[in-house]
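If you read the sequence from its start, that first residue is 1, and numbering goes on from there. It should be emphasised that the depicted structure is a prediction, and the values quoted were computed from it without experimental measurement.
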Amino acid sequence: MGLFGLFGKKKKETLDKGLEKTKQNVFSKLARAVAGKSKVDDEVLDDLEEILVTSDVGVDTTIKIIRRIEERVARDKYVSTSELNDILKSEITALLTENNTGDNGEWTLPEGAHPYVILVVGVNGVGKTTTIGKLAWQFKQAGKKVYLGAADTFRAAAVEQIQIWGDRVGVPVVKQQMGADPASVAFDTLQSAKANGADVVIVDTAGRLHNKVGLMNELKKIKDVMKKVVPEAPHEVLLVLDGSTGQNAFEQARQFAAVTQITSLAITKLDGTAKGGVVIGISDQLKVPVKYIGLGEGMEDLQLFDKVQFVDSLFK
């Protein structure tokens, strides 16, 4: 069994509920687009293109999806509107597969990575600290020893928030005073975690993009000092994005990808938005797999992303 448990009925219900606003947005429009039509024609495809763009799938990714459906229509000669849902599910799942997004329901810590180090990046307000706290809780529930590093020393509130989550979850937090060198905090965190036999280390970073050069240098320095303690660290660079911001999340993703190598994505706050299509678009444009999605306030509402279940829920 994976670290976060099997994808069971309860998780599927949470996923369905979390995507309800996006689903209503897509399906009310899709129903109108195919009303009175028996086959998928150019008019239906034009309407579908508009539906996907307004669901924040993104223009480039939408064009890819439409082209795939056009190829299916041309190949099969006749595609009924009743088949459209199944075709959409099939083509979007295939697109996510091409972007290295796997079915993470059974994900476990890689062998030999001890401790497994996750460096978390993202702007303030996207749910970064909450995501770190929920990840720590879920790893701990799986029986893993977790350490948190409060390397966002740019804001006093950031250190306090990480400490609150550490206390709540019951895991150690390594921190220094506000304004301290973030790399020094990261170094101390990994040293302490390694000395105490931790399985997982999650390190927070400053959530600002106004100075790209400064951010790039800071992240490089953090990575360099990590390697002095754990040569393969960080094993994962997780970018947290707020799904409810739609196209703004796209832009943040591009900017962070420009300054550091992102290896996985966590997309939060999907339960409060009709813009769930952003999950598909960001993964496609960055060629970075979506690993976690946030679907509510509860600890278990941060789920490992399962592309088949996600697409099935979206087009149910």
>> Given 3.5 Å as the limit, does a donor-acceptor pair link the side chain of Ser90 with the main chain of Asp86, or not?
In response: no
> Out of curiosity, Leu45 CG to Asp42 CG, how far, rounded to the nearest 0.5 Å?
Replying inline: 6.5 Å
> If Ile, Leu, Val, Met, Phe, Trp and Tyr residues are connected whenever their side-chain heavy atoms lie under 4.5 Å apart, and connections chain through other members, are Val203 and Val185 in the same group?
Replying inline: no
> About how many Å separate NZ of Lys89 and CD1 of Ile87, when rounded to the nearest 0.5 Å?
Replying inline: 12.0 Å
> For residues Gln176 and Ser184, is any side-chain donor paired with an opposing acceptor at under 3.5 Å?
Replying inline: yes
>> Grouping I, L, V, M, F, W and Y whenever their side-chain heavy atoms are under 4.5 Å apart, do Ile282 and Val59 come out in a common cluster?
In response: no
> Would you say the side chain of Ile63 lies within less than 4.5 Å of the side chain of Ile66, judging by non-hydrogen atoms?
Replying inline: no
> Do NZ/NE/NH1/NH2 and the carboxylate oxygens of Lys17 and Glu20 come within less than 4.0 Å?
Replying inline: no
>> Taking the side chain as everything from C-beta on, heavy atoms only, tell me whether Lys37 gets closer than 4.5 Å to Glu43.
In response: yes
> Can Thr14 and Glu300 be said to form a side-chain contact (heavy atoms from CB on, under 4.5 Å), step by step?
Replying inline: CA-CA 9 Å; Thr14 300; Glu300 293 182 347; over 6 Å; no
> Could you state the interatomic distance from CG (Asn85) to CG (Leu30), rounded to the nearest 0.5 Å?
Replying inline: 6.0 Å
>> Could you check whether atom CD of Glu50 has more than 12 heavy atoms from other residues, nucleotides or ligands sitting under 6.0 Å from it?
In response: no
> If we ignore angles and hydrogens, is there a donor and acceptor under 3.5 Å between the side chains of Asn217 and Lys221?
Replying inline: no
>> Has Asp199 got a side-chain atom pairing as donor or acceptor with Lys145's backbone, closer than 3.5 angstrom?
In response: yes
> Looking at Asp224 and Lys220, does any basic side-chain N land under 4.0 Å from a carboxylate oxygen?
Replying inline: yes
> In this structure, which one of Lys287, Lys64, Arg68 forms a salt bridge (Lys or Arg N to Asp or Glu O under 4.0 Å) with Glu98?
Replying inline: Arg68
> Can you tell if the side chain of Asn124 reaches within under 4.5 Å of the side chain of Phe154, non-hydrogen atoms only?
Replying inline: no
> At their closest point, which heavy atom of Met226 faces which heavy atom of Ala233, and how far apart are they?
Replying inline: CB-CB, 4.0 Å
>> Once rounded to the nearest 0.5 Å, what's the spacing between atom OG1 of Thr61 and atom CG of Asp56?
In response: 11.0 Å
>> Pair Val290, Ile280 - check side-chain contact (heavy atoms from CB on, under 4.5 Å), show working.
In response: CA-CA 9 Å; Val290 178; Ile280 301 162; over 6 Å; no
> Side chain of Lys39, backbone of Val79: donor and acceptor closer than 3.5 Å?
Replying inline: no
> Is any side-chain N of the basic residue among Lys12 and Asp312 closer than 4.0 Å to the acidic one's carboxylate O?
Replying inline: yes
>> Any side-chain to backbone donor/acceptor pair from Lys194 onto Val229? Under 3.5 Å, distance only.
In response: yes
>> Please check if the number of heavy atoms outside Arg155 that lie under 6.0 Å from its CZ is greater than 12.
In response: yes
Please tabulate, for the side chains in residues 271-278, all donor-acceptor contacts under 3.5 angstrom to protein atoms that are two or more places apart in sequence or on a different chain.
{"unit_1": "Thr273", "atom_1": "OG1", "unit_2": "Lys275", "atom_2": "N", "d": "2.9"}

>> Test of understanding: clusters of I, L, V, M, F, W, Y form through side-chain heavy atoms closer than 4.5 Å, transitively. Do Met216 and Val121 belong to the same one?
In response: yes
>> Is any side-chain heavy atom of Leu19 closer than 4.5 Å to one of Phe310?
In response: yes
>> I'd like to know whether Thr129 forms a side-chain contact (heavy atoms from CB on, under 4.5 Å) with Ile162, so could you lay out the CA-CA distance, the side-chain angles of the two residues, the decisive distance to 0.1 Å, and finally the verdict.
In response: CA-CA 6 Å; Thr129 310; Ile162 286 285; 3.8 Å; yes
> Ser80 and Val40: which non-hydrogen atoms are nearest, and at how many Å?
Replying inline: O-CG2, 3.8 Å
>> Show the nearest heavy-atom pair for residues Ala151 and Pro182, with the distance to one decimal.
In response: O-CB, 3.2 Å
> Would you say Val53 and Val279 are hydrophobically clustered, going by side-chain heavy atoms of ILVMFWY under 4.5 Å?
Replying inline: no
> Of all heavy-atom pairs between Lys128 and Gly122, which one has the smallest distance, and what is that distance?
Replying inline: CE-O, 2.9 Å
> Is there a donor-acceptor pair closer than 3.5 Å between any side-chain N or O of Ser313 and the backbone N or O of Gln309?
Replying inline: no
> Does some side-chain heavy atom of Phe256 sit less than 4.5 Å from a side-chain heavy atom of Leu215?
Replying inline: yes
>> What I want to check is whether the side chains of Lys29 and Ser55 have a donor and an acceptor closer together than 3.5 Å.
In response: no
> So do the side chains of Gln252 and Val126 get within less than 4.5 Å of each other, counting heavy atoms only?
Replying inline: yes
> Are Gln261 and Val237 close enough that some pair of their side-chain heavy atoms sits under 4.5 Å apart?
Replying inline: no
>> Test your reading of the model: is there a side-chain donor-acceptor pair from Lys140 to the backbone of Val169, 3.5 Å cut-off?
In response: yes
> According to a 4.5 Å side-chain heavy-atom criterion applied to Ile, Leu, Val, Met, Phe, Trp and Tyr, with indirect links allowed, do Leu304 and Ile202 form part of one hydrophobic cluster?
Replying inline: yes
> With distance as the sole test, does Asp306 use its side chain to make a donor-acceptor pair with the main-chain N or O of Val308 at under 3.5 Å?
Replying inline: yes
>> Checking side-chain polar atoms at under 3.5 Å, does Ser283 have a donor or acceptor matched by the opposite partner on Lys307?
In response: no
>> Any non-hydrogen side-chain atom of His235 less than 4.5 Å from a side-chain atom of Leu109?
In response: no
>> How long is the straight-line distance from CZ of Arg32 back to CD1 of Ile51, given to the nearest 0.5 Å?
In response: 8.0 Å
> Which heavy-atom pair separates Gly243 from Ile267 by the least distance, and what is that distance?
Replying inline: CA-CG2, 3.7 Å
>> Check this for me: Glu70, atom CD, are more than 12 non-hydrogen atoms of other residues, nucleotides or ligands nearer than 6.0 Å?
In response: yes
> To the nearest 0.5 Å, what is the distance between CG (Asp188) and OH (Tyr147)?
Replying inline: 12.0 Å
> What heavy-atom pair brings Val173 and Gly166 nearest, and what distance separates the two atoms?
Replying inline: CG2-CA, 3.7 Å
> Of Val120, Leu219, Asp152, which is the lone residue that meets side chain to side chain contact (heavy atoms under 4.5 Å, CB included) with Thr205?
Replying inline: Leu219
> Would you say Lys228 has more than 12 foreign heavy atoms packed within less than 6.0 Å of its NZ?
Replying inline: no
>> Between Phe250 and Leu241, does the side-chain contact (heavy atoms from CB on, under 4.5 Å) criterion hold? Intermediate values first, please.
In response: CA-CA 9 Å; Phe250 268 94; Leu241 298 164; over 6 Å; no
